[in-house]
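One structure is given below, encoded as structure tokens.
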Amino acid sequence: MLKLSLLALVAAFPFVAPRAHRAPVAARYTVAPDGNEARYRVREQLLHHDLPNDAIGKTTAITGGITIAKDGSIDTAASKITIDVTSLKSDQERRDGYVQHRILETAQYPTVVFTPTELHGVKLPPSSTAQSFDVAGLLTVFGVTRPTVWHVTAQSTNADLRGTGRTQFSFEDVSLSQPHVPVVLSVADTITLEYDFHLVRQP
């Protein structure tokens, strides 16, 4: 009798395949309209200069956000930071033109994209006390995607998250050509990316 009852129950409620499980969202942070700046920093030695200096290009054209699940993992499908490198500006227009057209080729590769995948050493939820941690992910520069780790210091104020991130890679890592111009005697092989961020938590 029990077996017949179970069969009748199955017949009355046809099998429906379960939907793919997705961890419940704990927090969604998006790039705020202000307080965001990305920079590249490369050590160079210029002609007629006694000491080397850093070539620095900056932009505030940054969009995207990061979504963190309740278990502290990153929802990679809903997390991406995009930097518009066509707007990079340094203290020299000649350098900017060279970077745009000869190095980054921004007409073909107008953005640098970071997709965060993991958090390491962070305490959640963020607090007003600054903490340092690492964010691992995939960085796409010049159409080349490679794993990278950002070293981050951040703190929370009300619904905002503010801080600074930093990572490094070589020209060769992303298939970029090192600059070769008469006024530049030498250029270090290491590129440093820095990001001063202001993220706003969404309701």
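Treat the numbers as computed from the prediction; the structure is a model and nothing was measured.
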> Which pair of heavy atoms, one from Thr117 and one from Gly137, lies closest together, and at what distance?
Replying inline: OG1-CA, 3.4 Å
>> Starting from Ile103, can I reach Ile83 by hopping between I/L/V/M/F/W/Y residues whose side chains sit under 4.5 Å apart?
In response: yes
>> For the CD atom of Gln202 and the OG1 atom of Thr30, what is their distance to the nearest 0.5 Å?
In response: 3.5 Å
> Linking I/L/V/M/F/W/Y whenever their side-chain heavy atoms sit closer than 4.5 Å, directly or via other members, would Trp150 and Val113 fall into one cluster?
Replying inline: no
> Atom CD of Gln92 and atom CD1 of Ile56: how far apart are they, to the nearest 0.5 Å?
Replying inline: 12.0 Å
>> Can you confirm whether the side chains of Asp160 and Tyr29 place a donor and an acceptor under 3.5 Å from each other?
In response: no
> Which heavy atom in Ala32 sits nearest to a heavy atom in Val200, and how many Å separate them?
Replying inline: CB-CG2, 3.6 Å
> Can you find a heavy atom in the side chain of Ile81 that is under 4.5 Å from one in the side chain of Ile62?
Replying inline: yes
> Going from OG1 on Thr192 to CZ on Arg166, what distance comes out if it is rounded to the nearest 0.5 angstrom?
Replying inline: 4.5 Å
> For Ala61, does its backbone N or O pair with a side-chain atom of Ser87 as donor and acceptor, under 3.5 Å?
Replying inline: no
>> Looking at every heavy atom in both Phe142 and Leu176, which two are closest together, and how far apart are they?
In response: CG-CD2, 3.5 Å
> Picking from Thr167, Leu138, Val135, what satisfies side-chain contact (heavy atoms from CB on, under 4.5 Å) with Phe114?
Replying inline: Val135
>> When you group the ILVMFWY residues by side-chain heavy-atom contacts below 4.5 Å and let the links chain together, are Val144 and Val149 in the same group?
In response: no
> Does some side-chain heavy atom of Leu193 sit less than 4.5 Å from a side-chain heavy atom of Leu139?
Replying inline: yes
>> Show the nearest heavy-atom pair for residues Phe197 and Ala154, with the distance to one decimal.
In response: CZ-CB, 3.7 Å
>> Please give me the minimum heavy-atom distance between Glu37 and Arg39, naming the atom from each residue.
In response: OE2-NH1, 2.8 Å
> Given Leu88 and Thr59, is the side chain to side chain contact (heavy atoms under 4.5 Å, CB included) satisfied, shown in steps?
Replying inline: CA-CA 5 Å; Leu88 282 171; Thr59 181; 3.8 Å; yes
> Do you know the tightest heavy-atom contact between Gln168 and Arg146?
Replying inline: O-NH1, 4.4 Å
>> A side-chain contact here means heavy atoms from C-beta on lying under 4.5 Å apart; do Val122 and Val152 qualify?
In response: no
> After noting the C-alpha distance and the side-chain angles of Val141 and Phe169, does the key distance pass the side chain to side chain contact (heavy atoms under 4.5 Å, CB included) rule?
Replying inline: CA-CA 11 Å; Val141 180; Phe169 53 90; 4.2 Å; yes
> Is a side-chain N or O of Arg28 found less than 3.5 angstrom from the main chain of Ala78, in a donor-acceptor match?
Replying inline: yes
>> Under the criterion side chain to side chain donor-acceptor pair (under 3.5 Å), I'd like the reasoning laid out for Thr106 against Thr86: C-alpha separation, chi angles, the key distance, then a yes or no.
In response: CA-CA 6 Å; Thr106 56; Thr86 65; over 6 Å; no
>> Is any side-chain heavy atom of Val42 closer than 4.5 Å to one of Asp54?
In response: no
> So, do Tyr40 and Val85 sit near enough that their side-chain heavy atoms are less than 4.5 Å apart?
Replying inline: no
> Is the closest side-chain heavy-atom distance between Lys58 and Lys89 below 4.5 Å?
Replying inline: no
>> Using modelled atom types and a 3.5 Å cut-off, is there a donor and acceptor pairing between side-chain atoms of Asp96 and backbone atoms of Ser90?
In response: yes
>> Return the CD1 to NZ distance between Ile68 and Lys70, rounded to the nearest 0.5 Å.
In response: 14.0 Å
> So, do Arg201 and Leu161 sit near enough that their side-chain heavy atoms are less than 4.5 Å apart?
Replying inline: no
> Looking at Thr111, Thr145, Thr82, which hits side chain to side chain donor-acceptor pair (under 3.5 Å) with Thr140?
Replying inline: Thr145
>> According to side chain to side chain donor-acceptor pair (under 3.5 Å), does anything in residues 119-133 pair up with another residue at least two apart or in another chain? List the pairs.
In response: Ser132-Thr153
> Stepwise, does the side chain to side chain donor-acceptor pair (under 3.5 Å) test hold for Asp196 with Thr164?
Replying inline: CA-CA 4 Å; Asp196 295 336; Thr164 299; 3.0 Å; yes
> Can His198 and Asp34 be said to form a side chain to side chain contact (heavy atoms under 4.5 Å, CB included), step by step?
Replying inline: CA-CA 7 Å; His198 175 200; Asp34 60 357; 3.3 Å; yes
>> Would you say that more than 12 heavy atoms from the other residues, nucleotides or ligands in this model lie under 6.0 Å from the CG of Asn158, or not?
In response: no
> Judged by atom type as modelled, is there a donor-acceptor pair below 3.5 Å linking the side chain of Thr115 to the main-chain atoms of Lys80?
Replying inline: no
> Does some side-chain heavy atom of Ile191 sit less than 4.5 Å from a side-chain heavy atom of Phe171?
Replying inline: yes
> How far apart are the C-alpha atoms of Leu104 and Tyr109, what are their side-chain angles, what is the distance that settles it, and do they pass the side chain to side chain contact (heavy atoms under 4.5 Å, CB included) test?
Replying inline: CA-CA 7 Å; Leu104 292 178; Tyr109 307 104; over 6 Å; no
